[in-house]
Amino acid sequence: DATLHDNIIRTLLPSVQKAGKNGNDPKSFLSVAISTDNNLSFKNVFSILKFTLEDNDITSVTLFGSGNEYLAGTIDIAIEDNTPSYELIDGAQSITLLPEGPAFTPGTYSIALLPQTLEEGLRLVFRHSGSVKTVAKKTSDGTVIGFERNCVVDAKAFNFENDNYRFYYITNTDEFADWYADSANWSESDLVYLGNDIDCSGLDLTPTGATFSGLFNGFGHSINNLNIEYAGNACLLPYVTGTVKNVNFGSRGQDESTSFKNTSTNGESYTAPLGQVKNGGKISNITSYASIELKGAGGRYTGGICAYYSSPSPVTDCRFFGEIIITGNVAEAIDAGGIFGCVSTTDEIKDCENNGTLAVSKLPASEKQLNIGGIAGLVTSSATISDCINNGNIEILESVSGGRRSNLGGVVGMWYNAGGILTLCNNYGNLSNRAASFSGKQQFLGGIIGRLAGDVSGPVIDASCNYGDVLNETRATYNYLG
């Protein structure tokens, strides 16, 4: 389908194509024309990759740009001087070609893609029937491939080599479960790609104890209806030393369909989609709509995206739209944040946003501290936090009667014994402490940082503003508001 507005044509080059009798999908061949008389001259707005299949059990072929380029999607097409050009509106980083029947017959096939240059070459992933693991071929390092408009590129023109990675191309729940069940064999050579949104309804998943050290690329897809309730590390990936990016936990409008609930009875543990990211691990462009809950007597590190971030690597573009609820009798210290529970990195956290509510409805008396922040509950390192926004409310409810020290901050709950930089960060959420009785315990509430503590002077705070309300209604002996 296509629409026309102000001489701009909006249409779709599909990311899933079905090979017809000529080995291609005619619906993916985009052509446009403009005329001031009765004559139409059509111009193609696509390029073609042609390749040959020799096996008879291949059930799909997926094309990726090795530089994660956008190959298909919704585009706006304009015509100037009788030449079409396009602007990408909503892109897809992969294109999958499917056969007419259960498998391809040997022969020549083609995939239509948006005209562009693949600066790092391409990767073709061949799925064989009955296997979640796939065979991948990639062009040699240094290969640059130009896909010009109305041009056919033959894969035979390039040198391909077997990909050194072990590929998991996941398109459904069974494949997701098979990959997770194989966690004992995970390694740093793993590439995990999502080819579709994954519906985990009915999937009984026990968190693995394995470390994920490979590359997980969701390509913008969502893991929906994943519900993990566990007495311990209630996470999909409790330990990450690899890379996780471009993935959503849950979907907009389905806030409670994905959840991570910790029922631990004692000790410290993680509650978040990702537990501890460490030792060079990297995360970027992750969005979570999940419900996060501490409902036992244990726990500690709790985050909308990651519970504990200690890797010397930057973080960008993470967003939380769910809720974090503390409802248990947690005697441990608690570090909870819309993005991170605790940050212990010297690198930069940039362009992250919390839109979720953080609420404490039950808590026993303890000498341990409660640190809650819109972006991070606790920071213990010389990190740089920049261009981050908190829109979520942070509240300790009237039902909480157990006395303990609390530190609530619009961006960071407590920044402890470390320098660093906090710049260009704003808080729009409201902070409130209505605990019935926190007698004898210090209560700190700050629009940007709840409390600076330790022997070090703390971070440089620059160009950051609080627009939210700060309210303390406790009966605590010591109250500090800023």
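Counting only distance, with no hydrogens or angles, the side chain of S264 and the backbone of G232 share no donor-acceptor pair below 3.5 Å. Formation of a donor-acceptor pair under 3.5 Å by the N233 side chain with backbone atoms of C235 is not found in this model. Judged by distance alone, with hydrogens and angles left aside, the side-chain atoms of E119 form no donor-acceptor pair with the main-chain N or O of S66 at under 3.5 Å. For D55 (side chain) and D57 (main-chain N/O), no donor-acceptor pair under 3.5 Å exists by modelled atom type. Between the E175 side chain and the T173 main chain, no donor and acceptor come within less than 3.5 Å of each other. Listed for the Y193 side chain is no donor-acceptor partner under 3.5 Å among the backbone atoms of S94. Distance alone, capped at 3.5 Å, places no donor-acceptor pair between the N246 side chain and the F219 backbone. N196 places a side-chain N or O within 3.5 Å of a backbone atom of T171 that can act as its donor or acceptor partner. Between the side chain of T258 and the main chain of A290, no donor-acceptor pair closer than 3.5 Å is present. Remark: side-chain polar atoms of S201 are not paired, donor with acceptor, to backbone N or O of N225 under 3.5 angstrom.
At a cut-off of 3.5 Å, with distance as the only test, no side-chain donor of T263 or E229 sits close to an acceptor on the other residue. Using a 3.5 Å distance cut-off with no hydrogens or angles, the side chains of S386 and E348 do pair a donor with an acceptor. Using modelled atom types and a 3.5 Å distance limit, the side chains of N56 and T105 yield no donor-acceptor pair. Remark: the N248 side chain and the S222 side chain contain an N/O donor-acceptor pair separated by less than 3.5 Å. Side-chain N/O atoms of N224 and D199 include no donor and acceptor closer than 3.5 Å. No donor-acceptor contact under 3.5 angstrom links the side chains of S313 and D347, judged on distance only. T74 and D90 form no side-chain donor-acceptor contact under 3.5 Å, judged by distance and modelled atom types alone. Residues D178 and Y168 bring no donor and acceptor atom of their side chains to less than 3.5 Å of each other. Of the N and O atoms on the side chains of S189 and S187, at least one donor lies less than 3.5 Å from an acceptor on the other residue.
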Query - Derivation of the side chain to side chain donor-acceptor pair (under 3.5 Å) call for Q443 and S406 - result: CA-CA 5 Å; Q443 307 300 309; S406 69; 2.4 Å; yes
Requested in this report: Applying side chain to side chain donor-acceptor pair (under 3.5 Å), run through S259 and E293 and close with a yes or a no.
Outcome: CA-CA 8 Å; S259 63; E293 184 175 357; over 6 Å; no
Report task. Could you walk me through whether D174 and F176 pass the side chain to side chain contact (heavy atoms under 4.5 Å, CB included) test, one step at a time? Result -> CA-CA 5 Å; D174 289 341; F176 183 82; over 6 Å; no
Requested in this report: Verify side chain to side chain contact (heavy atoms under 4.5 Å, CB included) between V144 and L118, making sure each step is shown before the conclusion.
Outcome: CA-CA 6 Å; V144 179; L118 302 184; over 6 Å; no
Requested in this report: Could you check M414 against V379 for side chain to side chain contact (heavy atoms under 4.5 Å, CB included), going step by step and ending with a plain yes or no?
Outcome: CA-CA 6 Å; M414 182 167 72; V379 175; over 6 Å; no
Query - Intermediate values then yes/no, side chain to side chain donor-acceptor pair (under 3.5 Å), T96 and T62 - result: CA-CA 4 Å; T96 297; T62 302; 2.9 Å; yes
Requested in this report: List the steps and the verdict of side chain to side chain contact (heavy atoms under 4.5 Å, CB included) for V315 and Y309.
Outcome: CA-CA 10 Å; V315 178; Y309 192 85; 3.3 Å; yes
Query raised in the report: Given the rule in the side chain to side chain donor-acceptor pair (under 3.5 Å) test, do Q369 and R451 qualify, once you have shown the distances and angles that lead to the verdict?
Result: CA-CA 12 Å; Q369 296 193 70; R451 184 185 178 203; 3.2 Å; yes
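The residue from T271, N371, D335 that alone fulfils the side-chain hydrogen bond (donor to acceptor under 3.5 Å, both in side chains) condition with R300 is D335. Just one of F216, Y239, F212 meets the ring-ring contact (aromatic ring centres under 6.0 Å, His included) condition when paired with W186; it is F212.
Atoms CG and OG, on L237 and S183 in that order, are 9.5 Å from each other to the nearest 0.5 Å. Interatomic distance, L370 CG to L378 CG, rounded to the nearest 0.5 Å: 11.5 Å. A distance of 10.0 Å separates CZ of F126 from OG of S60, quoted to the nearest 0.5 Å. Taken to the nearest 0.5 Å, the OG1 atom of T139 stands 4.5 Å off from the CD1 atom of I145. Put simply, CD1 on I286 and CD1 on I305 are 6.0 Å apart, with the number rounded to the nearest 0.5 Å. A distance of 11.0 Å separates OH in Y230 from CG in L205, rounded to the nearest 0.5 Å.
For the pair L236/L226, a side-chain contact is recorded, criterion being any heavy-atom separation below 4.5 Å from C-beta on. Counting only heavy atoms from C-beta outward, the side chains of E188 and D190 never approach each other to under 4.5 Å. The closest side-chain heavy-atom distance from I421 to D462 is not below 4.5 Å. Within the 4.5 Å cutoff, side-chain heavy atoms of L408 are placed close to those of I396. When side chains are defined from C-beta on, I349 does not count as touching T384, because their heavy atoms never get closer than 4.5 Å.
Here E353 does not pair with R319 in a salt bridge; the nearest charged N to carboxylate O distance is not below 4.0 Å. One finds a salt bridge joining E161 and K138 here, because a Lys/Arg side-chain nitrogen approaches an Asp/Glu carboxylate oxygen to under 4.0 Å. For the pair E367 and R405, the salt-bridge criterion is not met [side-chain N within less than 4.0 Å of a carboxylate O]. The pair K350-D387 meets the salt-bridge criterion, with a side-chain N (NZ, NE, NH1 or NH2) lying under 4.0 Å from an Asp/Glu carboxylate O.
In terms of heavy atoms, L431 sits closest to G446 at CD2-O, 3.3 Å. Of all heavy-atom pairs spanning C352 and I339, the tightest one is CB-CG1, 4.2 Å. The two residues L122 and L63 come nearest to each other via the heavy atoms CB-CD1, 4.0 Å. Here the closest heavy-atom approach between residue S382 and residue A418 is recorded as N-CB, 3.9 Å.
In this structure, K50 places its NZ atom where only 12 or fewer heavy-atom neighbours from other residues, nucleotides or ligands lie under 6.0 Å away. Within 6.0 Å of OH on Y180 lie more than 12 heavy atoms contributed by other residues, nucleotides or ligands. Within 6.0 Å of CG on N185 lie more than 12 heavy atoms contributed by other residues, nucleotides or ligands. Atom OH of Y70 sits in a sparse spot, with 12 or fewer heavy atoms from other residues, nucleotides or ligands closer than 6.0 Å.
Taking the six-membered ring where the residue is Trp, Y270 and Y308 present tilted rings, their angle falling between 30° and 60°.
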